[in-house]
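Only heavy atoms go into these numbers, but all of them, side chains included; no hydrogens, no water, no symmetry mates. Per chain, numbering begins at 1; letters A, B, ... match sequence-line order.
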Amino acid sequence: ETGVTQSPTHLIKTRGQQVTLRCSSQSGHNTVSWYQQALGQGPQFIFQYYREEENGRGNFPPRFSGLQFPNYSSELNVNALELDDSALYLCASSLGLARSTDTQYFGPGTRLTVL
Amino acid sequence: DAKTTQPTSMDCAEGRAANLPCNHSTISGNEYVYWYRQIHSQGPQYIIHGLKNNETNEMASLIITEDRKSSTLILPHATLRDTAVYYCIVRVARNTDKLIFGTGTRLQVFP
């Protein structure tokens, strides 16, 4: 167990709707990263938050947004859902030491299906 | 793009050692090699990481070549529960410390 939890486990939405996914990091971990994993692909980096500020973003449109809270929880929000947003969404927490040995620990993921 | 190249799939008999190779010929001097695995539809699980020395923990051993252009993850006694996709990642530790995943190696352990 990594101590990283995500909710909900599964979610079904329709195209055009909005969704909020939640993550609870390990206590003391100041950094949370979000990844999208389409079927049969490796996870793709969406963005990262460090101490409640966005600290880098991958190649995802602005309708993907996030929040990080002081209590080690965070959210991923996706507006105007598209069919291609169907994927496993993963969050990963780390201490935020900003060096190569700062291991990221993943949650179990949220499976989002957009119909 | 991922900075690593891995075989698409491998098989291993239960109880035997599984040796998973990874090429990372463009690795920089201060970049670490990380290994994660992902059992079907679960979150990736951290296995091990290293810079240039061989590393061992309770899960696996990591052998990095002297020129650091390739590495091998060794599961000494594979079990059926080791069936998973294994990702070799070169850690890009800049302002944004993101992991860049490739497509990984699908390891199938058979009885």
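Identified by a heavy-atom distance below 4.5 Å to chain B, the contributing residues of residues 36-44 of chain A are Q37(A), Q41(A), G42(A), P43(A), Q44(A), in residue-number order.
Under the 4.5 Å side-chain contact rule for hydrophobic residues, Y50(A) and L76(A) do not share a cluster. Side-chain heavy atoms closer than 4.5 Å link hydrophobic residues (I, L, V, M, F, W, Y) into clusters, and following such links, even through other members, never connects V78(A) to L67(A). With hydrophobic clusters built from ILVMFWY side chains whose heavy atoms lie under 4.5 angstrom apart, F47(A) does not share a cluster with I89(B). Residues V32(A) and I46(A) are members of one and the same hydrophobic cluster, defined by side-chain heavy-atom contacts under 4.5 angstrom among Ile, Leu, Val, Met, Phe, Trp and Tyr.
Contacts with chain A were tallied for S41(B), G104(B), G43(B); G43(B) has the most, counting heavy-atom pairs under 4.5 Å.
For the atom pair CD1 of I48(B) and OG1 of T103(A), the computed distance is 11.0 Å after rounding to the nearest 0.5 Å.
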Side chain to side chain contact (heavy atoms under 4.5 Å, CB included) between L88(A) and Q38(B): does it pass, once the steps are laid out?
CA-CA 12 Å; L88(A) 181 68; Q38(B) 188 172 26; 4.0 Å; yes
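Note on residues 35-60 of chain B: pairs passing salt bridge (charged side-chain N to carboxylate O under 4.0 Å, His left out), not counting sequence neighbours, are R37(B)-D82(B).
Taking every heavy atom of both residues into account, K98(B) and Q48(A) meet most closely at N-NE2, 4.4 Å.
Around the CG atom of D67(B), the shell of radius 6.0 Å holds more than 12 heavy atoms that belong to other residues, nucleotides or ligands.
A donor-acceptor pair under 3.5 Å links the side-chain atoms of Y35(A) to the main chain of L99(B), judged by distance alone.
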Side-chain donor/acceptor pairs under 3.5 Å, residues 16-26 of chain A, sequence neighbours excluded:
from, atom 1, to, atom 2, distance (Å)
Q17(A), OE1, T14(A), N, 2.9
Q17(A), OE1, T14(A), OG1, 3.2
Q18(A), NE2, T20(A), OG1, 3.0
T20(A), OG1, N77(A), OD1, 2.6
S25(A), OG, Y72(A), O, 3.4
Q26(A), OE1, H29(A), NE2, 3.3
Q26(A), NE2, T2(A), O, 2.4

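Taking Ile, Leu, Val, Met, Phe, Trp and Tyr as hydrophobic and joining them when side-chain heavy atoms fall under 4.5 Å apart, one finds I74(B) in a cluster with I63(B).
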